[in-house]
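Worth knowing before you read on, the calculation uses all heavy atoms, side chains too, and leaves out hydrogens, waters and symmetry mates. Just so you know, these numbers come straight off a predicted model, no measurement behind them.
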Amino acid sequence: TDCFIHNMYGPSEASCTVWTAPFTRSWTGGNVPAGQPQPHVQVWLMRKCISNSGSGVQWQCVKAGEEGQIFLGGVMSSGYLGKPEVTASKFVHVPGVHGRLYDTGDLGKIVAGCLQVLGRVDRQLNISGVRIEPGEVEAALRQVVGEAVVLAAGQPEQLVAACVAKKDGPQEAATCLDDCAKRLPEYMIPKTILWFDCIPCLPNGKVDHTKLHSEVETRLLQLFGDGGFAMADSMGVLRHMSKETIHWQRATWICYVFWSLGVVLDHWLQCSPHDQGCAVVSYLVRPWVELILQSVGNVQDVCGFVILGALQDASNSDGVALGLRELAVWGVNLATVFWIPVVDMLTPWQPGYPALAASNIHRWYLWMYLVARLALWLFSRARLRPAVQVFLVLTAAYVCPASGFLDCCQSENALRVFEPVAFVLFPSYCQTGAENLAASALHKIKVKGCSCAVTGKTELVYVALYIAAFHLAPILKKRLQQQGMPLAATTLTSSLLLVMRYHVPSLKTMYGSLFSLATLFAVWYLANWSSKIPSSMLLTTMCISQLTVSQYFYALDTLEKGSLSLQSPIELFVSCCQPLLFLLAALQIVPLGGKEQMGWFMKAMQMGGSAALGTYIFHFYFTPSAQTLIQNGCRVLNASFGRFAGMWQIAWTLSLVIFFIFGVGPVCQAVLILPIQMIAKLGSVCHFCKG
C-alpha cells in the first residue's frame, strides 16, 4: 500500500509533467495519464486555424475537454545545434502567449485535470473518411499481445496491426480481434493482424515506421495478391483493387445499369408528379403498362446513385478531401453547357433540340454532388459531428426559398448582372413554350424565363442524404453483407403506410406521421438481421414496393413538387430502401474472384455500368428522337396486337433504352473521360515530381 506509480512525460527539449498514483489504483483504456505540469512548466493544447486577417495559419487554444496539439513552455533548451530551420519550426511564438513554446508533435487532452497523451499527430490515420488514433488501438491490442503497431496499408487502405505475440499468449488473429471488439468501436478494429518476430526499430529504439510499412505491404501482397487486380473505375482512372473491392465494383456496375435504365426511361417518357403518369405514352398504352414503366423509372434511382456514390467515396483512404476527381466532375459539369449547341448541330433531324433553355437543367445532379463534397469538406474542417452536419443541411433545405438560394436569373436587384455567368456555372430551370414541369417542380419560377439558383430545396435534401450515407458507410456495408430481412420488411411496411395515408386522412396529420415513423422503427428493430433472403425474394420485394408506391404516388412526391411536409421523411425512407434492396441483391448475384471468372453477363454490366456518366449526360440530347421512336413503335404494336400489345410495348420501350445504355453510352463515356484521364496523368506526373 506504500507503493506509488510515477509517470513522467516530457521530451528532451523541454521539462515534463508528472502523474503519481497509489499502486492499488486502476485505470482503463491502457493509456496512463501524463499528469500535471511541474511548477516551471506550462502546457498548452492548440490547433491550427486561419487568422482573421487572412495572413495565414496560426495556433489557437482549444476549449476544455477538446483534443489539441501539445505545446510546452517554461524552462526548455535554446534549440537544435547547427539546425536553425528545425529550431524555428519546433520552437514557435504564439500570439497571446509569453515566450517561446515547444511543439511536441503529440496529440492530447485534459481529463480530470491531468494531461492525457493520445499519440503522435503525424501518425493519425484516415480510413474511409474516419480519423483514427493508432495509439488507442495499440493500447487495446497490448492487452493480449506483447507489442503492437497499427498503420494504414493495402489497396484500398485498411487498418492493419503488426503484432508480436506474448510468450504464452495467443497468436490467433480471431482471438485478438474478438478482444478488440470488446474494447473498441467497430471502425477502430483492425481488418488484418500480421505476426512478426520483432518490430523493426531505429537505433534510438523507436519504431522504424518506414521499414515496417514496407514489410507490411509486402506481406499483404503475399497474402492477398492473388485477389487484387488493376481495374478502371467509372471515371476511367486505373486503380488496384482487392477481391472485396472488386466484388463491390461489380455490384456497382449492375446497379448503375438498372438505375440508368430508370433515369433514362423517366426522362424520355416525361413521367412527372403532377399527373402521376408518363405523358409520352399515357394515351398510347393501357394503364397497367404505364404503371410498370413508371415504376422502373422514378426518383428511387437517383437516391440509389446518391447512396452508392457516398459509399464509394467513403471507401477511399481520405474520402473527405477534395482533389482531382472533384475538379474533373466540375469540368464535365461546365462542358455539358458547351456540348448542347454541338449536339444540336450534329443532329439536324431534331431541329432546335437540344436547346440551352430546355437542356441546361440536367446538370443538377453533377452540381449537387459537388455541393455535397464541398459541404462535407467544410464540415470536416470545422470538426462537426455527422448528426450536426445532416441537421444543418436539412435546416438549410427547410428555410431555402422556393426559387432557391442566390437566384441571379430571377433576382430584381444587383445580382441580375451575373445572370450569364450563373447560367453557365449553375444548372438552370426554365419555362419554354409549354411549362417545363421539372423546372416548376424543383425551382419555383416567378416570371417566365429561367431560374439559376446556386442550390434549392431538392438539391439540399439530396446533399443531406449523401452526407448521412457517407458517415454511415461502415454500418451500411456491414448490414448489407449480413443479409436484409429488416430492409425488406421496412420497405414493404413503408410502402403500405404511404398507401394507407392516401386512403386514411387521419394518417396525414402530425400524429399520423409520428405513428408511421414509430411503426417503421419497430419493424426495423424486430426483424432479424441474420435471416437470409435470396436475391429473387429481394428483387420481388423491391418490385412490389415500386409498383405499390407508383400506383398512388410519384416517389418523393412532396419534394418533387417543391415543398416539404410530414410525409417527406416516409417518402425519402422508402425511396432509399428500394435501391438498397437492389444493391443487396446485386451483391448476392455477382461472382467472387478475378477477371478470368467474368462471364458475358458481367462483361456487359461492366460496359454499361462504367458508362453511366456518359449515358446520364447525353441521353437528354436525344429525347425528341427517342420519344418519336417510342410513340411510333407503340402505335404499330397497338395496330398489330390489339389488346395483347401491352407486353410488346414494354419490351419495345425498354429495348430502346437498353440499346442506348450499351450502344451509345460507352461512346459518350469515352468522349467524357478523355480529359479526365489526362488530368489524372497530370496529377501522377506532379506527384512524381514532388516525390
Undergrad: Heavy atoms, side chains only, cut-off 4.5 Å: are V216 and T192 in contact?
TA: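 SC-SC contact between V216 and T192 ruled out.
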Undergrad: Test T455 against M368 for side-chain contact (heavy atoms from CB on, under 4.5 Å), laying out the working first.
TA: CA-CA 8 Å; T455 187; M368 179 277 301; over 6 Å; no
Undergrad: Which heavy atom of A469 sits nearest a heavy atom of A310, and at what distance?
TA: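 Closest pair (atom of A469, atom of A310, distance): CB-CB, 3.7 Å.
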Undergrad: Report the distance from atom CZ of R183 to atom CD1 of I189, rounding to the nearest 0.5 Å.
TA: 12.0 Å
Undergrad: L460 and C400: which non-hydrogen atoms are nearest, and at how many Å?
TA: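 Of all heavy-atom pairs spanning L460 and C400, the closest is CD1-CB, 4.3 Å.
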Undergrad: Looking only at heavy atoms, what is the nearest atom pair of L107 and E67, with distance?
TA: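 The answer is CD2-OE1, 3.6 Å.
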Undergrad: Between CG of L311 and CG of L580, what distance do you get to the nearest 0.5 Å?
TA: 8.0 Å
Undergrad: Rounded to the nearest 0.5 Å, what separation is found between the CH2 atom of W259 and the CD1 atom of I254?
TA: 11.0 Å
Undergrad: Show, in sequence, the C-alpha distance, side-chain angles and deciding distance for D313 and R373, and conclude whether the side-chain contact (heavy atoms from CB on, under 4.5 Å) test is met.
TA: CA-CA 10 Å; D313 289 341; R373 295 292 301 160; 3.8 Å; yes
Undergrad: Are any side-chain N or O atoms of K457 and backbone N or O atoms of A397, one a donor and one an acceptor, separated by less than 3.5 Å?
TA: yes
Undergrad: Under 3.5 Å, side chain of Q389 to main-chain N/O of L384, donor-acceptor pair present?
TA: yes
Undergrad: Determine whether W377 and L374 make a side-chain contact, defined as any pair of heavy atoms from C-beta on separated by less than 4.5 Å.
TA: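 W377 vs L374: side chains touch.
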Undergrad: Under the criterion side-chain contact (heavy atoms from CB on, under 4.5 Å), I'd like the reasoning laid out for Y365 against V306: C-alpha separation, chi angles, the key distance, then a yes or no.
TA: CA-CA 9 Å; Y365 181 85; V306 172; 3.8 Å; yes
Undergrad: Is the ring pair Y621/F618 parallel, tilted or perpendicular, if the boundaries are 30 and 60 degrees?
TA: perpendicular
Undergrad: Check whether any side-chain heavy atom of V257 lies under 4.5 Å from a side-chain heavy atom of I658, and answer yes or no.
TA: no
Undergrad: How long is the straight-line distance from OH of Y462 back to CD1 of I307, given to the nearest 0.5 Å?
TA: 10.5 Å
Undergrad: Start with the C-alpha gap between L392 and F379, add the side-chain angles, then the distance that decides, and say whether side-chain contact (heavy atoms from CB on, under 4.5 Å) holds.
TA: CA-CA 10 Å; L392 290 177; F379 289 148; 4.0 Å; yes
Undergrad: Indicate yes or no: at least one non-hydrogen side-chain atom of Y616 is less than 4.5 angstrom from one of S260.
TA: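 When only atoms from C-beta onward are counted, S260 and Y616 do not touch, as no gap falls below 4.5 Å.
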Undergrad: Which heavy atom of A251 sits nearest to which heavy atom of L583, and what is that distance?
TA: CB-CD1, 4.4 Å
Undergrad: What closest approach, in Å, do A372 and V463 show between heavy atoms, and which atom pair accounts for it?
TA: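 Result for this residue pair: CA-CG1, 3.8 Å.
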Undergrad: I'd like to know if the side chain of W367 reaches the main chain of V454, judged simply by a donor and an acceptor atom lying under 3.5 Å from each other, with no hydrogens or angles considered.
TA: yes
Undergrad: When you compare the side chain of M605 with that of F662, does any pair of heavy atoms fall below 4.5 Å?
TA: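 Of all side-chain heavy-atom pairs linking M605 with F662, at least one is under 4.5 Å.
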Undergrad: With ring centroids as reference points, do Y256 and F305 lie under 6.0 angstrom apart?
TA: yes
Undergrad: Calculate, to the nearest 0.5 Å, the distance between atoms CD1 and CG belonging to I589 and L584 respectively.
TA: 10.0 Å
Undergrad: According to side-chain hydrogen bond (donor to acceptor under 3.5 Å, both in side chains), who are the partners of E66, at least two apart in sequence or on a separate chain?
TA: R47
Undergrad: Are any of the side-chain heavy atoms of Q669 and T615 separated by less than 4.5 Å?
TA: no
Undergrad: Flag the pair L376 / Y466 as yes when at least one side-chain heavy-atom distance between them is below 4.5 Å, and no otherwise.
TA: yes
Undergrad: Tell me whether H213 contacts the main-chain N or O of A152 through its side chain, where contact means a donor paired with an acceptor under 3.5 Å.
TA: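 Yes: the side chain of H213 pairs with the backbone of A152.
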Undergrad: Does E459 use its side chain to pair, donor to acceptor, with the backbone of W364 at less than 3.5 Å?
TA: no
Undergrad: So do E326 and Y369 actually touch side chain to side chain, heavy atoms under 4.5 Å?
TA: yes
Undergrad: Are more than 12 heavy atoms, taken from residues, nucleotides or ligands other than W330, located less than 6.0 Å from that residue's CH2 atom?
TA: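 Open.
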Undergrad: For G304 and P579, work out which heavy atoms get closest and say how close.
TA: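 Heavy-atom minimum between the residues: CA-CB, 3.5 Å.
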Undergrad: Distance check, rounded to the nearest 0.5 Å: H619 atom NE2 versus H267 atom NE2?
TA: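 The NE2 atom of H267 is 5.0 Å from NE2 of H619, to the nearest 0.5 Å.
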